[in-house]
2 protein chains.
Amino acid sequence: MFSIGELSRRTKVKVPTIRYYEEMGLLVEAERTSGNQRRYDKAGLERLSFIRHARDLGFSIEAILSLIELQEHPDRSCQAATKIAVAQLADVRAKVKKLKALERELVRMAKGCDGHGVSEDCYVLASLADHEHCENEH
Amino acid sequence: MFSIGELSRRTKVKVPTIRYYEEMGLLVEAERTSGNQRRYDKAGLERLSFIRHARDLGFSIEAILSLIELQEHPDRSCQAATKIAVAQLADVRAKVKKLKALERELVRMAKGCDGHGVSEDCYVLASLADHEHCENEH
DNA sequence: TTTACAATCTCTAGTGACTAGAGGTTCAAG
DNA sequence: CTTGAACCTCTAGTCACTAGAGATTGTAAA
Ligand SMILES: [Zn+2]
Ligand SMILES: [Zn+2]
Ligand SMILES: [Zn+2]
Ligand SMILES: [Zn+2]
């Protein structure tokens, strides 16, 4: 049995975040000492590691809730889990696509101005003022 | 002179968002009718278009504030503008890099499970439980 | 001119996933 | 037994909006 601080150190999840996860229902309410402090065991550590990993991969709290529920029922079909992962993948790919489009425009803008001119003639500012300068939609 | 709704239609920025931008100091306070409704002109339209374009490119409100201030002083050096754009580009590139790493892991997970198994044996869930499955850091 | 009603106004609160701080209590080492 | 780091709860702040309540205004048809 160890404290929330120890759990925090082992998982690299900040203490207030652990409490937040508990409040959100991601972590079951921890056991308490007589003085009302949380105590965790290996199971708690594993659950939090799972959550942390899923968050690192960009899954929402809501998605993680579903994943955990599934994990707690080993006999159920894992179809929902795959669905969530595939949706997350689609989400990530959509974000990459958008960001790549932005990157192209930003490169063009940065190239167009060396910063030695005057605001009035600045290519960056002119580009922001008029989307027509852009080569792609974004 | 046109209403906030008309401005919204022309810029594709929602009405409450326009009011929010005004509150944040991005838009100068609009003229009002005798009945206290906002009225805009071409200058207002151009400023909002600038803001919208910058937001679309991912610039923060704070960054846009600086850009607008610069725009209002045509004689100033545009160094700050370039700096902001370059920082934004770096930010976008960092995000892309992170997302690409996530994409690789998510592809692996999605490939590892067809969704026809049982939760206990699910590769997606196993991968989330243990980062050791991952091929890259993320 | 009156009436109807969409559009506008201000204000407050909610979103997601935390983070920060105040003010008080408990644990563990010395 | 004392000290002080770590813990507790609660509230509020972050970013860039978005939603809704309840009241007022603008405009066009009857
Ligand atoms: Zn420039
Ligand atoms: Zn553009
Ligand atoms: Zn599976
Ligand atoms: Zn991993």
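No hydrogens, no waters, no symmetry mates; every other heavy atom, side chains included, goes into these values. Letters A, B, ... are given to chains in the order of the sequence lines, protein chains preceding strands, and every chain is numbered from 1.
- Here B/Arg38 reaches the OP1 or OP2 of C/dC9: one of its side-chain N or O atoms lies under 4.0 Å away.
- Counting to the nearest Å, the C1' atom of D/dT9 and the OH atom of A/Tyr20 are 17 Å from each other.
- For B/Ile4, the listed nucleotide lying nearest its side chain is C/dT8; candidates were C/dT8, D/dC8, C/dT19.
- Between B/Glu6 and B/Arg10, at least one side-chain N (NZ, or NE/NH1/NH2) sits under 4.0 Å from a carboxylate O, which counts as a salt bridge.
- Checking the phosphate oxygens (OP1, OP2) of D/dG26, no side-chain nitrogen or oxygen of B/Arg39 falls inside 4.0 Å.
- Contact check, B/Thr17 against D/dT18: a side-chain N or O comes under 4.0 Å of OP1 or OP2.
- A salt bridge does not link A/Glu29 to A/Arg38: none of the charged side-chain nitrogens sits closer than 4.0 Å to a carboxylate oxygen.
- Going from atom CD of B/Glu29 over to atom P of C/dT10 covers 9 Å, rounded to whole Å.
- Rounded to whole Å, the distance from CD1 on A/Ile64 to C1' on C/dA17 is 10 Å.
- Both the sub-6.0 Å distance and the 45° axial angle are not jointly satisfied by A/Arg9 relative to the ring of A/Phe2.
- What separates CD of A/Glu31 from P of D/dC8 is a distance of 14 Å, to the nearest Å.
- In this structure, of C/dA17, D/dC17, C/dC27, it is C/dA17 that holds the atom nearest to the side chain of A/Ser60.
- Using a cutoff of 4.0 Å between basic side-chain nitrogens and carboxylate oxygens, B/Arg76 and B/Glu69 are scored as salt-bridged.
- Side-chain contact check for A/His73 and B/Glu120: no donor-acceptor pair (N or O, by modelled atom type) lies under 3.5 Å.
- Separating the CD1 atom of B/Ile18 from the C1' atom of C/dC9 is a distance of 14 Å, rounded to the nearest angstrom.
- Look at B/Lys14 and you won't find any side-chain N or O under 4.0 angstrom from OP1 or OP2 of D/dC17.
- Within the 4.0 Å cut-off from OP1 or OP2 of D/dC17, at least one side-chain nitrogen or oxygen of B/Arg55 is found.
- Between B/Thr33 and the phosphate of D/dG26, there is a side-chain N or O to OP1/OP2 separation shorter than 4.0 Å.
- Within the 4.0 Å cut-off from OP1 or OP2 of D/dT25, not a single side-chain nitrogen or oxygen of B/Ser34 is found.
- Between A/His133 and B/His53, the gap from one ring centroid to the other reaches at least 6.0 Å.
- Protein atom CZ of A/Arg32 is 12 Å distant from nucleotide atom P of D/dC7, rounded to whole Å.
- Residue-level contact check: A/Arg9 touches neither bases nor backbone, having no heavy atom under 4.0 Å from any strand.
- Here B/Arg52 does not reach the OP1 or OP2 of D/dA16: none of its side-chain N or O atoms lies under 4.0 Å away.
- Distance A/Ile61 CD1 to C/dA17 C1': 6 Å, rounded to the nearest Å.
- With C/dT19, D/dA16, C/dT10 as the choices, the nucleotide that has an atom nearest any side-chain atom of B/Asn36 turns out to be C/dT10.
- For B/Tyr21, the listed nucleotide lying nearest its side chain is D/dC17; candidates were C/dT8, D/dC17, C/dC9.
- Spacing between atom CD of A/Glu62 and atom C1' of C/dT15 amounts to 12 Å, rounded to whole angstrom units.
- Checked against C/dA17, D/dT18, C/dC27, the side chain of A/Gln37 finds its nearest nucleotide in C/dC27.
- Residue order along DNA chain C, read from the 5' end via each residue's closest nucleotide, puts B/Ser3 first among B/Ser3 and B/Glu23.
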